[in-house]
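First up is the structure itself, then whatever we jot down about it.
Atom set for the values below is all heavy atoms of this structure, side chains included, hydrogens, waters and symmetry mates excluded. A note on names: the letters A, B, ... follow the listed sequences, proteins ahead of strands, and every chain is numbered from 1.
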Amino acid sequence: MSTENHFYNHKKQDPKWQKQWLKDETYKTAQKSTKKKMYVLDMFPYPSGAGLHVGHPRGYIASDVFARMKRMQGYNVLHPMGYDAFGLPAEQYAVKHKVHPRKAVEVNVKTFERQLGSIGLSFDWSRKINTTDPEYYKWTQWIFLKLYDSWYDTKKNKARPIKELIEILSKKKEWKTYTKKEKEDILMGYRLAYQGYSEVNWCPGLGTVLANDEIVDGKSERGGFPVEKKIMRQWFMRITAYADRLLSGLDGLDWPEAIKTIQRNWIGKSEGHEVTFKVVGSIVEDASIVVYTTRLDTLNGVTFMAVSKNHPLAGAYFDQTKEWLDDHTGEKKGILIAGVHAIHPDSKKQIPIYVTNYVLSTYGTGAVMGVPDMDERDYAFAEKYKIEVTKVNFENADIVAKRIKANATSTYKMRDAVFARQRYWGEPIPLRHNADGTITPLKASELPLMLPNVKSYEPTGTGESPLAAIKSWVKEGYETNTMPGWSSSSWYFLRYMDPTNTKAVTSPAAVKMWKQVDVYVGGAEHATGHLLYARFWNKFLYDIGIAVTEEPFKKFRNQGMILGPDNRKMSKSWGNVINPDECIDTYGTDAFRMYEMFIGPFDSSMPWSTESIIGSRRFVDRVWRLHEKILAQSKTVKSTVKVQSLLHKTIKKVTDDIENFNFNTVVSAYMILLNGIEEESISQSDFEAFIVLIAPFAISISEEIWKNFGHTTSVHLAAWPTYNAKKVVEESVTIGIQVNGKLRGEISVTSEEEEKDVIEKALAIIAQHIEGKSVKKTIYVKGKIISVVIA
RNA sequence: GGGCAAGUGGCGGAAUUGGUAUACGCGCUAGUCUUAGGAACUAGUUCUUCACGGAUUGAGGGUUCGAGUCCCUCCUUGCCCACCA
């Protein structure tokens, strides 16, 4: 006899069922339904050339298990997948292999689809989206135009059309006296998408802009070329207008506290005061410095002023401060502005003013009051430049504010987001630059503005996008920057609701039906990027009546990273990358999915163990053998009381744990139940409940067994078992007996027994430990413990 | 420098509101079936001790009948932000 029958043949069953589910449209989402809705979403992947390693599917499997349980509980589940395919890697691939980035994307998407398919994820593939598809980025451009055409009304606390601002402004007399360009410049200061200038780290050697963490000791990390500051034209998103709403919106979200904290810190709201110091000795008449402080109560300790190099008062000192620009030593330096003094509002004393390298021009007012007695950094600076130190007499900030007329204000650390990349492979920004310096946005009917073909995807070396090298593009006056990677991912969750709509971002009916993402799953590394930008765009889309909820993601869970077996981050350079294809080939989809979830708590990082996965495979084989036994057993076999109790406990635990994303304990609960069944006996109907219970994890073996028991519809559409509290109650439980906190014995008690009887029996059991002492106190916690105190 | 997590066997980890710490799995040990083998089966496996017993959740202290869980001090590791006034 071959061993074939006693092992589950995953190589045959996995592909068979995967084909069948596609054919039967088992996981298709109903566009109309009377069922309750459930929108379960994964962060869509960037389809990289390397394909998936075993870390990637962890989140997908978790959300898939969750979606499957919800589907079986009778929800109409929306569980889609797509690709976020614009971005640098595809462009670099194109540069290297001299092919269009679209080609790279096509090939990579194919690899991803095959891998996601072999993991058996229950996506409704008919809703697939790809951000590089013109039918998709048309709407990304459309939203950009809406942002360009909006301003933020701080009184109504929402975005409004720019034409309403023009109406307000045109009531002022001087508005008519402005030129078209001047009017545009004023409006640019209000638009939610606006053009501006920012200082960037420019590396002439690489011909590219670098992020702060790509610079080591003033040189580029890659190549070691010198880096300098350069002012560049950019597009920005006025996310700061939404700072307060982004902050307060966090309170109502079911997100990990750690992620909420990161966002709160990133927004960085602080409450303080703006204090005006009069300035004497300046050539500017009635000059003054406004500082922002959170410690107005220390005002009488102020002995100097520190301003940033960009502060108006520092203007004349620019040449001297220039050398600081490339100073990465972190040493605090200052230059005294000779002959100019600030006047302390209380003492009227003249205090010195320094241009410094440590005051940020982008935070607060770009000027700081120095209180050396109070602040260590101020003290260090005062000591270095021999500045007087005055002892602080703390005074109530509100009283000080009233006396010197300081305004209470809030300040945020968050800055407006740069919304431009000097790259080819991104969405074109749908605007024309006119000869007079004004801008004409494209009409909605002109969208999509298609990305043109170029001869070379190489960076131009001037910092401009390759689009700047296309004559016809430039001749039309089109913007040569493209949108950043986060543009298309900031609204894609709305597109899945109605992915083929040609008339709108998504139809009002679809938004009304799906509202928002109920459960979102993805990596914690997006805390201050995607997760913040998406909230911002969604709030804007809510303001203009497209989204129906202010927040896009009601519940969010983030998966921990899976490390290599050597406890290091998986990467080619360490040679510790584990490929899911090989695991699935050896152990099967079911064992792979179970192990991915069993490996540890969903949100913590853990190393992959090539040895441990065998445990999940053994589970699958044991279930297979057990099903053979049940098929052969008499139909009259009943479950023992213990098995029944265990089954219902497991139903409760599995249901609760999947709901709470405690997947590792779900798998151990399955194993405990299986151990219990193997020791005793189980009826066929109870065993079928067990099969339904494991179906979200072990997707194909459960389907095959379900079929073998004579069912003709999919186990994945079967009703989720419900827990019966009556069946859980066990006749008696064994509890411990403690004497002075130490465990000294145990006793079996029934739920009906009276407390005094139980204690009497317990005292008899531990009599030897009491000998010669008196019992001072006894505590009986029903079903838990008996505690005896002796002295 | 600031903020946030987390420290439990050889390993991954479990432990509802404080209530029998070490579930479940890997590995390991012994045995069974086998010509052989294991990705099979059975039994055992926190440490210490021949045993009775004793000890144990990073270290130390506290609250409590009872602490992995709560409080204080310290140590270690990881993550995020970082000249933020």
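Within the cation-pi definition used here (under 6.0 Å to the ring centroid, within 45° of the axis), A:K652 qualifies as a partner of A:Y723. The side-chain tip of A:K332 points at the ring of A:Y358 from less than 6.0 angstrom away and within 45° of straight on.
By the side-chain contact (heavy atoms from CB on, under 4.5 Å) test, A:N396 is found to be paired with A:D398, A:I399, residues two or more places apart in sequence or in another chain being considered. Applying the side chain to side chain donor-acceptor pair (under 3.5 Å) rule to A:D375 yields the partners A:R377; only residues at least two apart in sequence or on another chain are considered. Remark: A:S612 engages A:S609 in a side chain to side chain donor-acceptor pair (under 3.5 Å) (not counting sequence neighbours).
Between A:S787 and A:E678, the residue whose closest nucleotide on RNA chain B is further toward the 5' end is A:E678.
Here, B:A40 and B:C33 have their C1' atoms 9 Å apart, quoted to the whole Å. B:U22 and B:C75 are spaced 33 Å apart, taking the P atom of each and rounding to whole Å.
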**OP:** Dot-bracket for RNA chain B, please, read 5' to 3', with Watson-Crick or G-U wobble pairs under 3.5 Å on both distances, ( ) within the strand, [ ] crossing, | other strand, . unpaired.
**Re:** (((((((..(((......[....)))((((((.......))))))(((....)))..(((((..]....))))))))))))....

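Whole-Å rounding puts the A:I779 CD1 to B:G18 P distance at 15 Å. Taking atom CZ of A:R617 as the reference point, atom P of B:A40 lies 10 Å away to the nearest angstrom.
Taking the side chain of A:V789 as heavy atoms from C-beta on, and the options B:C65, B:A21, B:A85, the nearest nucleotide is B:C65. When the nucleotides B:A85, B:C80, B:G66 are ranked by their closest atom to the side chain of A:I262, B:C80 comes out on top.
Pairs engaging residues 661-674 of chain A under the side-chain hydrogen bond (donor to acceptor under 3.5 Å, both in side chains) rule: A:D657-A:T665 [sequence neighbours left out].
The aromatic rings of A:F592 and A:W608 are tilted relative to each other, their planes meeting at an angle between 30° and 60°. Using a 30° and 60° split on the angle between ring planes, A:H530 and A:H526 fall in the perpendicular class, above 60°.
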Subject >> Footprint string (nucleotides 3-15 of chain B, 5' to 3'): B base within contact, S backbone only, - free, heavy atoms under 4.0 Å >> reply: S--------BSS-

